[in-house]
J.: 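Below you will find the structure I want to go over with you.
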Amino acid sequence: MDNYFALEIHLHTGRHHQIRAQLSAIGSPIKGDLKYGFDRSNPDGGIHLHARKLIFIHPVSKENITIVAPVPDDTIWNAV
């Protein structure tokens with residue numbers, strides 16, 4: 001297996017493709033992300049980018065909503 005890094009990233013803006021573009025700009029594209037410079041695709045055509053937790057304010061009730069997703073069942077994800 002190649003060497004990969006698991007990063008926890010906290011976004012401060014909602015810019016389109018922010019994570020993908022910035023990681024590519026420093027020479028570290030996301031695994032499977034052909035559009036932003038990774039050299040080969042993943043077998044399923046996806047990329048190894050996962051939104052673990054989303055927090056936002058509900059537009060009507062104004063309550064904080066937190067959604068936590070399980071880590072995908074995948075060899076690389078299971079290693080971290």
J.: Which distance, rounded to the nearest 0.5 Å, do you find between the OH of Y36 and the OG of S28?
T.: 15.0 Å

J.: Would a hydrophobic clustering, with Ile, Leu, Val, Met, Phe, Trp and Tyr connected at side-chain separations under 4.5 Å, put Y4 with I30?
T.: no

J.: Looking at N78 and D74, would you say the former's side chain and the latter's main chain have a donor-acceptor pair under 3.5 Å?
T.: yes

J.: Please tell me if the side chains of I76 and K31 come closer than 4.5 Å, counting only heavy atoms from C-beta onward.
T.: yes

J.: Side chains of H50 and P72, heavy atoms from C-beta outward: is any pair under 4.5 Å?
T.: yes

J.: Mind checking who shares a hydrophobic cluster with F56, ILVMFWY linked at side-chain heavy-atom distances under 4.5 Å?
T.: I65, I67

J.: Applying side chain to side chain contact (heavy atoms under 4.5 Å, CB included) to K35 and I47, what does each step give before you reach the verdict?
T.: CA-CA 10 Å; K35 181 175 183 173; I47 65 174; over 6 Å; no

J.: May I ask you to test the I19-L7 pair for a side-chain heavy-atom distance under 4.5 Å?
T.: no

J.: Can you tell me if H16 and Q18 form a side-chain donor-acceptor pair at under 3.5 Å?
T.: no

J.: Indicate if L49 and L11 have the same hydrophobic cluster label, given that clusters are the connected sets of ILVMFWY residues with side-chain heavy-atom separations under 4.5 angstrom.
T.: yes

J.: Any heavy-atom pair between the side chains of L34 and S41 that's under 4.5 Å?
T.: yes

J.: Going by side-chain contact (heavy atoms from CB on, under 4.5 Å), name the residues that satisfy it together with V68, two or more places apart in sequence or in a different chain.
T.: R52, K53, T66

J.: Which is it for W77 and H48 under the side chain to side chain contact (heavy atoms under 4.5 Å, CB included) test, yes or no, and what are the steps along the way?
T.: CA-CA 9 Å; W77 289 112; H48 273 75; 3.2 Å; yes

J.: I want to check something: taking the side chain as every heavy atom from C-beta on, are H58 and N64 in contact at a cut-off of under 4.5 Å?
T.: no

J.: Taking the side chain from H17 and the backbone from Q22, do they hold a donor-acceptor pair closer than 3.5 Å?
T.: no

